[in-house]
Engineer: 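Supplied in structure tokens, the structure appears directly below.
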Amino acid sequence: MPDPTPGRARSGPSADSAEPDPREPLLRLLRDLRCGTDGVSEREAARRLVAYGPNRIRRRGKRPWWRDLAAQFVHPLALLLIGAGLLAFAAGTPALAGAILAVVVLNAAFAFVQERQAEQAVEALGRLLSEQARVVRDGVSRSVDAASIVPGDVVLLAEGDRVCADARVVEGLVDVDMSTLTGESVPVARGSQHAVGTPPLLEASDLLFSGTAVVDGTARVLVYATGDHTELGRIAALSHRVKRESSPLETQVKRVAWIIAAVATSVGLAFLPLGLLAGLSLKDAFLFAVGLLVANVPEGLLPTITLALAVGVRVLARRGAVVKRLSAVETLGSTSVICTDKTGTLTENRMHVSLVRGGGAPVDVVPGPGLPQEYRHLLHSVATCTTAAVADGDRPAIGDPMELALLQAAAHGDTPVDEAVRDRDRLRLFPFIPTLRLMSTVTPESDTRRRLDVKGAPEAVLPRCTTIVDDGVARALTDEDRRRTEAALADFAGRGLRVLASADRVFAEGTPAPEHREDAEHDLCFLGLVGLVDPARPEVPEAVRRCHDAGLKVHVVTGDHPVTATSIAREVGIGTEGLLTVTGEELEAMSEARLDELIGSGDEIVFARSSPEAKLRIADALRAVGHVVAMTGDGVNDAPALHRADIGVAMGRGGTDVAREASTMVLTDDNFATIVAAIEAGRRVYDNVRKFILYIFAHLTPEVVPFLVFALSGGKIPLPLTVLQILAIDLGTETLPALALGREPAEPGLMNRPPRSRKESIIRGDLLFRAWVFLGLISAALVMTAFFYVLWRAGWQPGDPTGSGHPLHDDYLRATSATFAGIVACQIGTAFAARTEHASLRSVGVWSNPLLLWGIAFEIAFTAALIYLPPFQTLFGTSALPVDVLALIASFPFIVWGADELRRANRRRRHPTDGGRSPR
């Protein structure tokens, strides 16, 4: 891994000078930091705080609220309505212009509020740092705000502390949980022993890093980097440099909006001279053009989509998935690949001993009462060689999960270890060192005899053994014993177990405890192997099967060992048709072309030992070949990939705040099955968005046709619908039923469809044909029938004046009211028709969506108010309708729905296996 970002001072408290190398000899590092082993004084710390800045990671790239609000006004549909409003003002109708512009403002404000509520950013990077830290200043230990830590400070760390800055251990030994940076769940030892050479920073045995946690031990450390200059800050900066791209829905809606804007503008411009040629006045021609523009703009589209997605966010939250961006709900539905971590997502993140194998014996034993002595000895030895402590009453468990599992296994095997007695009597502790890969302790076996207990990696312990316990008796360790042990080790690893070897050594009577580990850790007696497992979540195999049924691929991207990760993947059903394993080193050496070929092979892949850059590369490669990617993660190292993926999924329980901030969705239960449920919900939301888009678009035709009839007749046929009545339809009667369609339950077979292409538009030709031509023309014919029926029953003839003061004026108002009410009636029929894309309404149930019924009840009441209440009659130009007209209009919903029901029945006969993927 490259060095952290530049900017640390080498020769004084200047943030602009070259940074020191923390791997250099301690005396040189102290010289470069201009401090001593007792840190800096309080006054010097204050000066350095000014030079370096607070020990916080700055959040970058956050857009100000006013830019988000301004963006709502430059949307193509908003621009089109603004143009229509200006035309209305130029035509001398300021009231109409004000109404149109008010619609623009209300739409923008509504969408802005919804987006702000759904996308509240979590200020996580700063909170990841501990609030307080103990430092040595002026030779005195004191507690200070962690934000005031500066390079050159000496910090005291103890068990349970979070490391607040990058530092060099100058005294002591600690076990550190580095999973936030490396993805490894097993703590590593860090001490004052200086690393030989210049290893990668994260592997240096004497360096600690901001955001990690001390799980055991104490240490005195020298801070060399703070804030943005830490490794945590470097990875956070990498995440911020990744630009978020628009979701498929955002892109498609904007594309369709531009198409609608172009069509509406073209139609308006084309028919403006037509109106003048037909004899309309310039004012009437402008009014006609405005009417076409407004009729072609689905004003309710954006707020309805926003509301439907917001509802989807709330539904997902109840299922354990908190979505931070509204459009991500739809993106979930188009997901084609899930890249999942292993620990805590596929597994329970709860390690326990499942198998022990002693003395090379080929028998698997589960710890429990009645365990043979040989295995009890084995478990007691590995439990003695620990520093953890299990929970006791109000005291929480202390230590890493592996050692806690060993203590619990020993207790279950009738050989418990009292942690207090263990720590009190311990004579020596030789801690785990990554280069040695083992740990040992010396305890008294009697008043005059000492015993060494050793545990560690089998390949590190076995070469140090010369004897083996066989049926309770030690004998020479033979080559056959070694072969059988290696075979057992391979068997354990193949089952996805973490394997430890145990050995001991009893020193000769009277021999004092050795001072150095090299004098102790040899001539050992091999006791056996212990297998530990983090079991798979029981619900994950079914979730993986559902992914496969839905055509999704599941790749495992983890920092864990390849054998363990592969075993867990197979256990939960990943790779049933082929599973490849790629290590971090293999991926690093792989060309882009080879990676694309590998991803495109169709096999599911385990990417093990993955670095932050590797995870980011995997996400990029998958997206480059056309996949919509959901990437899970919980550590700081996952943040760049979470940011790059179409859907970044962070863990809410075990994840870091950094990962949660970079993600699009946070799982409150850290469960892979919740991801699958979210994808299903996303698919349902996508289908429902199409349903209410169909519903909204179906009314454009009956809104445009009256203006065309008016223009093509040269004004001899009065305008059957006013612009204000169109706005009342698009923003009043239409919105609630459209929103209710967004709550439709999933149709059968939803999760048996293959993922849709990233390039597939949500608004396709078949949907537009069904909306504009089939449903639209039927509705237009019906509403024009109602309009002419009212005029003809009053004795009207083409060309008769209907303006204010003429005898036919009241009948004209009733005729426009009939047109208005007729469109609303057709809306009701369209709403029932849009509920299904393939199935009959009877199969889903007329009453299965009560929200739609309430929405229809509202639009009927709203329409009645506009037609029958005097204040609204004056504003919208409406008039009460007689009974015979109401009876005619009441038949419209059944005609519209019945026609589409017959169309779908014919489609089912022709395509009986068609799952109703698209409206036709």
Side-chain angles (χ1 to χ4, degrees), residues 118-119 121-122 124 179-180 183 239 242 244-245 247-248 309 312-313 315-347 349 537 539-540 543-544 546-547 550 552-559 569 572 574 604 607 610 612 615-616 618-620 622-623 627-683 685 755:
E119 298 183 19
V122 180
S179 60
T180 53
S239 172
V242 178
R244 184 184 78 81
E245 299 180 4
S247 76
L309 294 178
V313 167
V315 170
L316 287 173
R318 288 195 292 269
R319 302 188 71 169
V322 178
V323 178
K324 295 166 55 181
R325 196 172 69 239
L326 288 181
S327 60
V329 177
E330 180 273 337
T331 308
L332 277 165
S334 60
T335 299
S336 58
V337 170
I338 301 176
C339 294
T340 177
D341 200 355
K342 180 188 75 67
T343 304
T345 309
L346 299 179
T347 67
N349 199 19
R537 291 178 180 267
E539 63 273 20
V540 168
V544 171
R546 295 184 66 206
C547 285
L552 277 71
K553 296 293 183 184
V554 183
H555 301 314
V556 179
V557 185
T558 178
V572 299
I574 298 173
E604 291 177 318
F607 293 97
S610 299
K615 290 190 175 185
L616 183 59
I618 292 167
D620 279 335
L622 286 167
R623 297 181 79 249
H627 285 294
V628 177
V629 183
M631 173 80 73
T632 74
D634 53 9
V636 173
N637 61 315
D638 296 321
L642 292 176
H643 207 288
R644 172 68 82 189
D646 297 282
I647 295 291
V649 184
M651 303 298 110
R653 289 182 179 175
T656 63
D657 288 346
V658 177
R660 286 193 286 271
E661 184 192 23
S663 68
T664 311
M665 183 173 75
V666 179
L667 302 183
T668 58
D669 57 2
D670 294 8
N671 194 337
F672 179 84
T674 304
I675 303 174
V676 182
I679 290 174
E680 180 179 12
R683 288 191 175 192
V685 167

Engineer: Does R537 use its side chain to pair, donor to acceptor, with the backbone of T347 at less than 3.5 Å?
Structural biologist: yes
Engineer: Using the rule side-chain contact (heavy atoms from CB on, under 4.5 Å), only one of I338, I675, T335 pairs with C547; which is it?
Structural biologist: I338
Engineer: At what distance, to the nearest 0.5 angstrom, does OG1 of T340 lie from CE of M631?
Structural biologist: 10.0 Å
Engineer: Identify the two heavy atoms, one from A619 and one from A641, that lie closest to each other, and give their separation to 0.1 Å.
Structural biologist: CB-O, 4.4 Å
Engineer: Out of curiosity, I679 CD1 to R546 CZ, how far, rounded to the nearest 0.5 Å?
Structural biologist: 9.5 Å
Engineer: Check L642 against T632 and note the closest heavy-atom contact, atom names and distance.
Structural biologist: CD2-C, 3.8 Å
Engineer: I want to check something: taking the side chain as every heavy atom from C-beta on, are F672 and V554 in contact at a cut-off of under 4.5 Å?
Structural biologist: yes
Engineer: Can you tell me if S336 uses its side chain to pair, donor with acceptor, with the backbone of V628 under 3.5 Å?
Structural biologist: yes
Engineer: Can you name the nearest heavy-atom pair linking P755 to A550, along with the distance?
Structural biologist: CD-O, 3.2 Å
Engineer: Please round to the nearest 0.5 Å and tell me the distance separating atom CG of L622 and atom CZ of R644.
Structural biologist: 12.5 Å
Engineer: Without swapping roles, check the side chain of D646 against the backbone of V629 for a donor-acceptor pair under 3.5 Å.
Structural biologist: yes
Engineer: What residue among I574, V544, V337 forms side-chain contact (heavy atoms from CB on, under 4.5 Å) with E604?
Structural biologist: I574
Engineer: How far does CZ of R683 sit from CG of L332, to the nearest 0.5 angstrom?
Structural biologist: 11.0 Å
